[in-house]
Amino acid sequence: MRDLTPSQKGAAAEAAITAAAIQLGLTVLRPLCQGRRYDLAIDLDPELVRVQCKWAKRLDGVLYVKLNTNRLTPMGYVCTTYTAAQVDAIGAYSAELGRCFLIPIAEVTEGHAIHLRVDPARNNQARGIRWACDYEFEASIRRNWNPAT
């Protein structure tokens, strides 16, 4: 795969997460205008889950997901993170694994990145590790939001 721009990575992540939700029989809603902190909402009837979609990069057995954004304003660069008032979950797509993950925002609020371990740690540590398998898209929706489907 050729190198993608950040915008292309974001679009690919959003498309993959949308497809994962649709394959589960869920309805995906998209904002008509820009300016919200979420990329899409998943309708779990009666609840809507606002999702910010991110590209997950694999580094040394760990998926690395950036949770901050940087934008240029007239006052200079502004770095922001996501809060529970803005989004309900971070959706992450790993092109290398071809899988989507869903992390409740309460687990990462105000952080700049999250690391999801795919491979065992070299020192065999298991405590305090966020395993990627615990955040697989379908399992995370069922565990954290309990949809009617």
Side-chain angles (χ1 to χ4, degrees), residues 1-119 121 129-147 149:
M1 178 178 1
R2 64 183 264 266
D3 287 335
L4 300 177
T5 68
S7 292
Q8 290 170 322
K9 288 177 182 178
E14 191 173 328
I17 292 161
T18 297
I22 291 169
Q23 289 169 4
L24 294 176
L26 301 172
T27 299
V28 177
L29 309 171
R30 296 191 53 196
L32 286 176
C33 58
Q34 298 292 323
R36 304 305 296 176
R37 299 287 284 160
Y38 58 92
D39 293 315
L40 55 91
I42 300 173
D43 186 351
L44 297 179
D45 191 21
E47 184 178 10
L48 293 178
V49 178
R50 300 165 299 166
V51 180
Q52 172 56 232
C53 301
K54 294 292 185 180
W55 182 268
K57 183 176 182 176
R58 187 172 181 174
L59 300 168
D60 296 325
V62 173
L63 293 177
Y64 174 77
V65 183
K66 279 183 55 178
L67 300 176
N68 61 327
T69 60
N70 297 291
R71 68 183 190 285
L72 182 60
T73 70
M75 305 292 196
Y77 279 97
V78 175
C79 178
T80 56
T81 58
Y82 301 96
T83 68
Q86 300 166 327
V87 300
D88 301 307
I90 300 295
Y93 169 65
S94 167
E96 185 175 341
L97 299 177
R99 296 192 324 232
C100 296
F101 304 87
L102 194 65
I103 305 114
I105 194 65
E107 295 189 25
V108 295
T109 196
E110 300 300 324
H112 292 280
I114 184 172
H115 300 89
L116 302 177
R117 183 153 283 284
V118 178
D119 301 327
I129 289 180
R130 285 190 172 121
W131 293 99
C133 61
D134 292 337
Y135 298 94
E136 291 273 356
F137 192 82
E138 181 175 5
S140 183
I141 283 182
R142 295 197 188 289
R143 181 175 54 257
N144 295 297
W145 289 279
N146 198 20
T149 59

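If you're wondering where the values come from, they're calculated on a predicted model, not measured in any experiment. Numbering starts at 1 and runs along the sequence shown.
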Worksheet item: Distance from Arg37 atom CZ to Arg50 atom CZ, nearest 0.5 Å?
Response: 11.5 Å

Discussion item. Can a side-chain donor-acceptor contact be found between Lys54 and Tyr82 if the only test is distance below 3.5 angstrom?
Written reply: yes

Practice prompt. First locate atom OG1 of Thr81, then atom CG of Asn68, and finally report the distance between them rounded to the nearest 0.5 Å.
Written response: 7.5 Å

Worksheet item: Which heavy atom in Val118 sits nearest to a heavy atom in Ala132, and how many Å separate them?
Response: CG2-CB, 4.1 Å

Worksheet item: Can you check whether Asn144 reaches Ile141 side chain to side chain, under 4.5 Å on heavy atoms?
Response: no

Worksheet item: Mind checking whether Ile103 and Ile114 have side chains closer than 4.5 Å, heavy atoms only?
Response: yes

Worksheet entry | Ile42 side, atom CD1; Asp45 side, atom CG - distance, nearest 0.5 Å | 14.0 Å

Response to the item:
Tightest non-hydrogen contact, residues Asp39 and Cys53, listed as OD2-N, 2.8 Å

Worksheet item: Are side-chain heavy atoms of Arg71 and Thr80 found at a separation under 4.5 Å?
Response: yes

Practice prompt. Flag the pair Asp43 / Leu26 as yes when at least one side-chain heavy-atom distance between them is below 4.5 Å, and no otherwise.
Written response: no

Worksheet item: Where do Gln86 and Tyr38 come nearest, in terms of heavy atoms and distance?
Response: O-CD2, 3.7 Å

Practice prompt. Assign the ring pair Tyr93 / Trp55 to parallel, tilted or perpendicular, where the plane angle (0 to 90°) is split at 30° and 60°.
Written response: perpendicular

Discussion item. Can you confirm whether Thr18 sits close enough to Leu40 that some side-chain heavy atom of one is under 4.5 Å from a side-chain heavy atom of the other?
Written reply: yes

Worksheet item: Should Arg30 and Glu14 count as an ion pair when the cut-off is N to O under 4.0 Å?
Response: yes

Worksheet item: Closest heavy-atom contact between Glu96 and Arg58?
Response: OE1-CB, 3.3 Å

Response to the item:
Rounding to 0.5 Å, atoms CD (Glu138) and CG (Leu24) come to a distance of 4.5 Å

Practice prompt. Rounded to the nearest 0.5 Å, what's the gap from CD on Glu136 to CZ on Arg99? Could you check?
Written response: 4.0 Å

Fill in: Within-4.5 Å side-chain heavy-atom neighbours: Glu47 and Trp145
yes

Discussion item. For the CG atom of Asp119 and the CG atom of Asp60, what is their distance to the nearest 0.5 Å?
Written reply: 9.5 Å

Practice prompt. Find out whether Asn70 and Val78 are in side-chain contact, i.e. whether some heavy atom of one side chain is under 4.5 Å from a heavy atom of the other.
Written response: no

Practice prompt. Please report the closest heavy-atom contact between Val108 and Ile90, naming both atoms and the distance.
Written response: CG2-CG1, 4.2 Å

Item to complete: State, to 0.1 Å, how close Ser94 and Leu97 come at their nearest heavy-atom pair, and which atoms those are.
Response: OG-N, 3.1 Å

